[in-house]
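A short write-up of the structure that comes next.
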Protein chains: 2
Amino acid sequence: MPRPRRPLLTRDRIVETALALIDADGLGALSTRRLAAALGVQGPSLYNHFATKDEILDAVADTVTVAVDTSGFASRDWLTALRDWAWSYRRALTAHPNIVPYLAQGPGRRPAALAMADAVYGGLVRAGWPPARATHIGAALRYFVAGSALGSFARGFVEDPELYAAHYPHLRQAHRLAEHQQSVDEGAFALGLDALLHGLAAEYTRTVETVESARPNG
Amino acid sequence: MPRPRRPLLTRDRIVETALALIDADGLGALSTRRLAAALGVQGPSLYNHFATKDEILDAVADTVTVAVDTSGFASRDWLTALRDWAWSYRRALTAHPNIVPYLAQGPGRRPAALAMADAVYGGLVRAGWPPARATHIGAALRYFVAGSALGSFARGFVEDPELYAAHYPHLRQAHRLAEHQQSVDEGAFALGLDALLHGLAAEYTRTVETVESARPNG
DNA sequence: CTCATAAACTAGCGGTGTAAGTTTTCATTC
DNA sequence: GAATGAAAACTTACACCGCTAGTTTATGAG
């Protein structure tokens, strides 16, 4: 088949199909040939639209990231904005858990990921956090969200309770984790996020507000 | 070469060499043939000692995990034990960052990872945390540590500052992150961990101590 | 009308994990 | 001590992988 009258592929169609395949079968199951087959095309044809497979994965990862809402940093206090962002971030990642290991390696050249980092950092600085602290806070929350979406604590355990009973006395009930996977993961996230934000709020009053009130214009 | 008089391979030698290769060249660069070559052997010979490549990676991941110190849960208060464990956990992972993406997917059948989960959970329950809360706390800390070791926030950005300057105004200084990578990552971890633990301590006095003092034997 | 570019193709390279079968040595049992 | 079966190396080979090169034809710009 030579060049068709109307293109069979577009970047959007490729990204969309790739995400669907990753969601369905996992990151490891996505090969250029399988992806091409799902698009009704031969493998190398993809390289007319993307230079490498990693470029495809970058595009997939970025479409996942565009769903993250950072609007709170423009309209709410920093603590509320941080909480809303963290939950939105988590929802976006857990909607496509199989791409998370790839995505978690950093924003790199992905526009949506960079825009998100920019919004968070800018919002925190505007709220009075020193730049270095703003960087740390953004990073710490990203650690937490990425880790929570990546590991699915509950799913990480194995189904056979007998495997654990003998050697790990406290994990007797570990197999029950699978049953309540979602509630365990979400509960752990909620608890951890609340604790983190609680600690940050205390730090804020301790450093930022104190410093500002000590200045003449504070 | 038929069966040699003394075995050329042992599980330990395979795991050790695999970890060295992963540390040096990354997870993606570890193939059975390259590993075998480094051991002076042909690829398929590995399958006399491990059933699959994943089994090798499990063993590698477990040797990384054995370095994590959970002894604090036996001798210190829960808050100190949690802090010491988290730092030790982080040190173990950042010593071998390339294996983290694999390791972060859960303890599965790896004994050291399971023993660690067991110690943490047991320590928290012994300190008075309700079992469900102990699970959540262990998971939350694991999220945070794994996320921090995985993402190296600083390394995730790209070296070219011009790429950012135009579109992401607040990331102007982002390229500087690479210079201070270690201090940024460690600072973010320290800040986040302190905040998390601060929040957990508050939660502890609010729930556990209150409940205990309300009981006749409290 | 010309012609460079775009978008599909086919063929193929070097690499991957691993299955199958071979050979020889080691360890155990009669 | 001979027989036997498992162990540990080997070679060969399969199906798949990402990607390159070169071919063909349709499109769109001058």
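Just the heavy atoms: all of them, side chains too, but no hydrogens, waters or symmetry mates, feed the values below. Below, chains carry the letters A, B, ... as their sequence lines are ordered, and counting in each starts from 1.
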Winner on side-chain proximity to N48(B), out of dA8(D), dA8(C), dT18(C), is dA8(D)

Has S45(A) got a side-chain N or O lying under 4.0 Å from the OP1 or OP2 atom of dA7(C)?
no

Atom-pair distance (CD on Q42(A); P on dT10(C)), nearest Å
5 Å

Donor-acceptor contact present, side-chain R126(B) to main-chain F73(B), <3.5 Å
yes

Send over the distance from Y47(A) OH to dC9(C) P, rounded to a whole Å.
14 Å

Residue H49(B), side-chain heavy atoms: nucleotide from dA20(C), dA9(D), dC19(D) that is nearest:
dA9(D)

Taking dT10(C), dC17(D), dA8(C) as options, the one with an atom nearest any side-chain atom of R34(A) is dC17(D)

Which of dT10(C), dC17(D), dA7(C) is nearest the side chain of S31(A)? It is dC17(D)

Return a table of donor-acceptor pairs under 3.5 angstrom between the side chains of residues 45-52 of chain A and protein atoms on other chains or two or more places apart.
from	atom 1	to	atom 2	distance (Å)
S45(A)	OG	Q42(A)	O	3.3
N48(A)	ND2	S45(A)	O	3.4
T52(A)	OG1	D54(A)	N	3.4
T52(A)	OG1	E55(A)	N	3.2

To the nearest Å, how far apart are K53(A) NZ and dG15(C) C1'?
14 Å

How long is the line joining CG of L30(A) and C1' of dC19(D), in whole Å?
15 Å

In whole Å, what is the span from the CZ atom of F50(B) to the P atom of dG17(C)?
15 Å

On DNA chain D, nearest-nucleotide positions of A51(A) versus A29(A): which is more 5'?
A29(A)

By nearest-nucleotide position on DNA chain C, the 5'-leaning member of T32(B) and R33(A) is R33(A)

Using whole Å, what does the distance between atom C1' of nucleotide dA8(D) and atom CG of L46(B) come to?
12 Å

Near-ring test F144(A)/F189(A), centroid separation under 6.0 angstrom:
yes

Gap between atoms CG and C1', on L35(A) and dA8(C) respectively (whole Å):
15 Å

Side chains of S71(B) and D69(B): any donor to acceptor distance under 3.5 Å?
yes

Given dC9(C), dC10(D), dG17(C), the nucleotide with the shortest approach to the side chain of V41(B):
dC10(D)

To the nearest Å, how far apart are R11(A) CZ and dA7(C) C1'?
15 Å

Between Y89(A) and D84(A), is any side-chain donor less than 3.5 angstrom from a side-chain acceptor?
no

